[in-house]
There are 2 protein chains.
Amino acid sequence: VQIAILLFDHVTALDAVGPYEVLSRVPGVEVVFVGERLGPVRTDVGSLGLVVDATLAEVPAPDVVVVSGGYGQTVHMADGPVHEWLRAADVRTTWTTSVCTGALILAAAGLLQGRRATTHWLAAGQLADWGAQYADERVVVDGKYMTAAGVSSGLDMGLTLAAHVAGADVAQAIQLGIEYAPQPPFQAGSPTTASDPVVDLVRTLEGQILRGEALG
Amino acid sequence: VQIAILLFDHVTALDAVGPYEVLSRVPGVEVVFVGERLGPVRTDVGSLGLVVDATLAEVPAPDVVVVSGGYGQTVHMADGPVHEWLRAADVRTTWTTSVCTGALILAAAGLLQGRRATTHWLAAGQLADWGAQYADERVVVDGKYMTAAGVSSGLDMGLTLAAHVAGADVAQAIQLGIEYAPQPPFQAGSPTTASDPVVDLVRTLEGQILRGEALG
């Protein structure tokens, strides 16, 4: 099973690393980080380089595709090499997936037309604009399309996908291996549980937050 | 505020990327990935390259140090450049922290003597052997030393640290920005909640799991 995780400049690191950390531990899985050019991309906030190990052309038929988000997504909304690769790969994938605003790229490439899907809560309207049916859930499965909500939800998606690919026992062993028994110190991870001032702050600073700029 | 995250070959990516994803969004914070040599290190499972942007000598006095884990930790248990850097930096840090088996490196460098600390549940005994007082908690604070449990706990530590550095409102805004409202599909993230067969599987395959090899 070959899993291709798409990287690009200004990607959000955790969008890619969450699913990778789970899926790379599934027996028989090969994870490969792909992109338009070999070598490092810089993340949204700029402070980390993640290495693209294979070009799109080198990985034409992965079994699973994972499309990360981050504000660099905005330059991959027009037709081009990334869309062409996604559409060609999607013909043969067993799973086509995304994390965060990666869903917008899938939708713009025409792969989520009429499908239930999710994305970062701030991007819900955009996803609907591109023809998908936005669902306010953490991980959404519609046929072979699996989409996850914002950034950290890629961990939950990774475990869900691992269970589909290798069974619940393997997924649970990986969960225990990475000690994923989350204890957030606050209950602010969703607009329905965060305080109004915190939601207002994030909405006001949406642009900066998507670009990883200062919040305060 | 300068935050140095230590990378080395065979690091566990999420150990570093979890705290980074939170802390890099704190206003006024500069995150820098440091290591013995510039350029990419490969992660424990080998399928991802993370870029070291500064040598240890280039970042002599960070305000916060984050030590990642992963099975590459085993080669940093002996005295050497990493220990020397940690001890010198620690003199001036406001926070000295670790994720997963990164705590073993801190302990081996002599920085956790007699302190309450945590690490990956499989490494609890080793942490005690190195003179720390193991606490079975997700994030442990003892003075300026903050340690987190296995791999994914770095997200919880990052938010805890962000609140200390910049206040609860900023930490909560970041939590909402990365939509950290976890919904693991299983309750297997801790040896106290995973089924006995899953715990046995992970214990039996401990070596392979730490090296990111096949679990099944």
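In what follows, chains are A, B, ... by sequence order, proteins preceding strands, each numbered from 1.
- In this structure, B:L14 CG and A:L14 CG are separated by 6.5 Å, a value rounded to the nearest 0.5 Å.
- Here the OG atom belonging to A:S47 is positioned 8.5 Å from the CG atom belonging to B:D53, to the nearest 0.5 angstrom.
- A:E179 places no side-chain N or O within donor-acceptor distance of the main-chain N or O of B:S153, the cut-off being under 3.5 Å.
- Of all residues in residues 154-164 of chain B, those placing a non-hydrogen atom less than 4.5 angstrom from a non-hydrogen atom of chain A are B:L155, B:D156, B:L159, B:T160, B:A163.
- The parts of A:A168 that come within reach of chain B are both its backbone and its side chain, each placing non-hydrogen atoms under 4.5 angstrom from that chain.
- Note that CD of B:Q175 is 7.0 Å distant from CD of A:Q187, once rounded to the nearest 0.5 Å.
- With hydrogens and angles ignored, the 3.5 Å screen pairs a side-chain donor or acceptor of A:R138 with a backbone N or O of B:A181.
- Within the 4.5 angstrom heavy-atom criterion, no atom of B:V32 approaches chain A.
- Using a 4.5 Å cut-off between heavy atoms, B:Y20 touches chain A through its side chain atoms alone.
- Closest approach of A:H120 and B:G177 over heavy atoms only: NE2-O, 2.7 Å.
- Of the listed residues (B:G150, B:S190, B:G46), the greatest number of heavy-atom pairs within a distance under 4.5 Å of chain A belongs to B:G150.
- Side-chain contact check for A:L48 versus B:V51: every heavy-atom pair is 4.5 Å or farther apart.
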I would like to know whether A:D15 and B:E21 meet side-chain contact (heavy atoms from CB on, under 4.5 Å); could you show each step before the answer? CA-CA 10 Å; A:D15 289 13; B:E21 199 62 71; 6.0 Å; no
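- Counting heavy atoms from C-beta outward, A:Q172 and B:V199 have side chains that stay 4.5 Å or more apart.
- Taking all atoms of both residues into account, the shortest heavy-atom contact from B:W121 to A:L176 is NE1-O, 3.2 Å.
- Taking B:A13, B:A194, B:P184 one by one and counting their heavy-atom pairs under 4.5 Å with chain A, the maximum is reached by B:P184.
- Within the 4.5 angstrom heavy-atom criterion, atoms from both the backbone and the side chain of B:P191 approach chain A.
- Residues A:Y180 and B:P182 have side chains in contact (heavy-atom distance under 4.5 Å, counting atoms from C-beta outward).
- Contacts with chain B were tallied for A:T43, A:I178, A:V139, A:D169; A:I178 has the most, counting heavy-atom pairs under 4.5 Å.
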